[in-house]
Each structure stands twice: as structure tokens, then as C-alpha cells.
2 protein chains.
Amino acid sequence: MTAIQLRLDLNKNLFLRDPQNTELGKRIVGEGTQLISEIGFEGFTFKKLSERISSTEASIYRYFENKHRLLVYLIARYWAWIEFKIDYETNNLIVPQEKLEAALRVITHRAQADITFPEIDEGALQKIVIAETDKIYLTKQVDQDNQVGLFKGYKSICKKISDIMLEINPGFKYSRALSSTLLEASHQQIFFSQHLKSLTEIDANGDPFQQNYEFMKTLLSNALNAEA
Amino acid sequence: MTAIQLRLDLNKNLFLRDPQNTELGKRIVGEGTQLISEIGFEGFTFKKLSERISSTEASIYRYFENKHRLLVYLIARYWAWIEFKIDYETNNLIVPQEKLEAALRVITHRAQADITFPEIDEGALQKIVIAETDKIYLTKQVDQDNQVGLFKGYKSICKKISDIMLEINPGFKYSRALSSTLLEASHQQIFFSQHLKSLTEIDANGDPFQQNYEFMKTLLSNALNAEA
DNA sequence: CTTTGGTTAATAGTAATACTATCATATACG
DNA sequence: CGTATATGATAGTATTACTATTAACCAAAG
């Protein structure tokens, strides 16, 4: 795959001012990704980021309402990127089993800078997704955030995979549930392999992304075939 | 089942002073559970709790290092409670399939005050587990916390279920991974049914706990039988 | 060439949070 | 009775997550 660059149209509620439009915006997003992946979201502040990009807190606040929104924005970009890759990889495939395998490969594999954003380090972004994704919806404002469309990208991928499952087995009753379970497992199992090793056979010293793919493929094909 | 009361020996690192030993300790834990389930963990502070129990911040800090530790403590109690119930329900069962079903029922079902803690509202505690569990390990200190045994209870349940799976199918390669995936799904799917409905078929207006049980049972039996 | 609009920097300030420290009082226990 | 322990009362601190104001800069429009 040739390296191409992406520019996304994301939900307008994800930001106050589109960071893709300005130099400062790109630095906020690019260095923000690095900083969060380095020190973790809890320790991250706009103050620290402003020092890193030689700007000010107030300037960052003009792009994002607060640090939570920045996190949601970054992760939305990740899922938009994943969705694009699923479309790309499944394009022209006819056999639904092949489509599903291709999609599964995309959601489980290590981030690679094939299709990329100009200013974002995809490896760092994937690290954020692994460690912080669940925090975007595990909040009191989840319903409001959901209502203004902040989670559209994630839901869209879930539906996409669910639809492929239904092509394979139209009678399967839990395609959405299985799809979201797999999406969650795609980062959770990697996290466990790094930090809570007894919770998984996946081994961070081997090729955890590949192992996770195999685990999930096993789960999937059995679940779908059995009910056929 | 007759109502019985539990007193647990939890890891000493979960608290500074054992809250089960004193009146104040029990109020911290009991009212803390209520308050977190009401306002969410982010909005929760020791200040607010101290007002609610007519005590002081400083007194609460004598029991728990910080609010994160209190959350870890509460959730550890939940999983210890679940583990006890699994042991109780699987006791004397011989057929591993039956054991697995019984365990699955325990981890998926709505909290009931059958086997109980004196001061804790199990319904509120389960609400906390559904909304906050992942926050106990999605932190920068996860490795240190893990090292001092804060997550022992969760890991123990994961192993227990995994072992039953291996009784059914000794050749299954992903028993730990599947077990942790199901444990995570046991609260995640309920959360989705309440807040991000398009991510699951489980319907919060029906009997979501029962539906979740059926979803997970489907997953499980297919995964285990296929590889037999 | 000047005005204007838009972007950013600089600075200051605030309420709340997450603690820590100190001291006095109550109570319990041996 | 004396002493250890638990709690309460109070105060204080560094940091966080913002908000507000003003001034400087720059590009395009008139």
C-alpha cells in the first residue's frame, strides 16, 4: 500500500475550532498525542502541553473545551482511520467470510503508517487507544456526549462489522454485541498482555497483535458458524 | 438461599486501616458506595463523603490513601463476593458444563442481597462495577498496584472460570483470554444497553442481565465445543 | 495606506481538588 | 490511673481546570 494522507471530516462537536486548519491546531493534536501517550491521560494537562508547544493554556482552550474533549477527538480520529482502512481492505471482496477476516485484521493489527495523518504518530495514538479508550464514555456526561455525536465513529465501525456478520449468518442474534465485544477486546487484551498477564494467554513478548487476531478469529468463526 | 452475612479477608494493601473493624469505617464504605453510585467517581470527593457521614476529610484519609484506593477496595469486595457466590453455586457440581453455566449465571446476574455485606447496598455496588471497574486498572500506577496485590480477586475469578473451561476442553488455547473477555463483557454490555444502545442487541428495557447471560452462553459454548 | 477581523500570546485571577499537618478531645484497655 | 488509639477541628498548600482581559500581529478589504 502506498503511503497516502488523510484529511477527515469529523463531527463538529469534537472541537471548538478545527485543529486541522491551523499550524497551532496541528501542533496541539500532534504533540498532544505524544504527551498523552507518554505520561497518561490523568497526568496530562493543557499547561504541560502548552509548555511543550511553546504556547499557552488559553490558546489550547480555543480549540478544545477541555482535556476530555481532546481525548475524545484523538480517539475519534483513530476510529475514523480504522474505518477507512476497513473500507479499503474490504473493497472488492465478495465472500463475506473474507471481508470479515480483513476487517478483523485491521482492528487487531499494530498501527502502521500506511494511510496516515500528516501530524499524528499512529503508534502513539494506538497506545492511547489501548490505555484510555474506555475513559471517553465511562463518564457522567456519556448521554450528552453521545447525543451530540461524539461516538459516531465507534458506533459506525461496530455496525459495519455487525453487518458483515449478518451476511454470513443472517439469523445470528447478537451481531452488535459480538462486534462491540471484539472491538473492546482488541485493545483490552493487549493491555492485559502488558500489565495483567494472568488475564490472557496473549504474550506481549511474542507478537501480541497477531495472537489477539487469532484469539478473536477463533471466537468469531465458532460463534457465527454454530448458529448457521 | 438463606440470607447470610460475609466478612472478607481482603488484601491489606487495599486500605490503611480496615474499615470493617470500626463504625466509622463501615459508614465510609457504606455511604461511599451510595455516593459514588449516585454522582459517579469523577465527581466524588472525600469532602463530599465526609459531609454526608458527618465526619472530616482527614478521618477518611486515615482509612484510604486516596479516592482511587477506595474505589479499588469497593470493587475488590464486589469480586470477592462474586467469587464466593461462584464457589457456593458450583459446589458439589460434577459435570463441568454445569459448573460453567452456574458460574456464568453468577457473573452475569443482577446483584441480589442473598449473600450480603452488612453495610453495603449490593445494587449500588454493582452499578459502580458497571460504570467504573475499568478505571481501577487503566492508570499509570497499574503495575505497582498489581504488584501489591490489589487485583488478586479479579485474577482469581478469571483463573477459576478458565479452569472450568479447561475441564471441558483441555486443548482450548485461549481460556484465560476468553474468561477475561467474558468478565469484561459482563459489565460492558450492560453499560452499552443503557447508554450506547446501538453497540448491543441487549435491551435495557427487557431483562438485560438475562439477555447478557444468553449472549455470553452462546459465545462460550460455541468456542469451547468447536475445538474439542 | 489604513482599517478591520481574526488569531495568538501574555498575564492574572479563581474556585475546587487532593491532599498534609497539627493539636485537642474522647474513649477504651490493661 | 495512665496511655495508646481514634476521631474531630482547623488550617494550610500545591496543583488543576478553567475564565477574563489586554495587547500584539498579520492578512485582506476598502
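Note that the structure is predicted; figures quoted are calculated from it, not measured. Heavy-atom basis, side chains included; hydrogens, waters and symmetry copies ignored. Sequence lines set the chain letters: A, B, ... in the order given, protein chains first and strands last, and positions in each chain run from 1.
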Quick one: which protein N/O atoms are closer than 3.5 Å to N/O atoms of nucleotides 17-20 of chain C? Pair and distance per line, please.
| from | atom 1 | to | atom 2 | distance (Å) |
| --- | --- | --- | --- | --- |
| C/dC19 | O5' | B/Tyr61 | OH | 2.9 |
| C/dC19 | N4 | B/Glu57 | OE1 | 3.3 |

Who are the side chain to side chain contact (heavy atoms under 4.5 Å, CB included) partners of [X], not counting sequence neighbours?
| X | result |
| --- | --- |
| B/Ile39 | B/Leu35, B/Phe44, B/Lys48 |
| B/Glu65 | B/Leu16, B/Arg69 |
| B/Ser162 | B/Leu166, B/Ser175, B/Arg176, B/Ser179 |
| B/Ala111 | B/Trp81, B/Glu122, B/Gln126 |

Exercise. Counting only non-hydrogen atoms, which of residues 21-36 of chain B are less than 4.0 Å from DNA chain C?
Worked result: none
Who passes ring-ring contact (aromatic ring centres under 6.0 Å, His included) against [X], sequence neighbours left out?
| X | answer |
| --- | --- |
| A/Phe209 | none |
| A/Phe191 | A/His195, B/Tyr137 |
| A/His187 | none |
| B/Phe151 | none |

Set out, line by line, the N/O atom pairs under 3.5 Å between protein and nucleotides 23-28 of chain D.
none

Seminar exercise, completed: The complete set of side-chain hydrogen bond (donor to acceptor under 3.5 Å, both in side chains) pairs with one or both residues in residues 22-32 of chain B, sequence neighbours excluded, reads B/Thr22-B/Tyr63, B/Glu31-B/Arg52
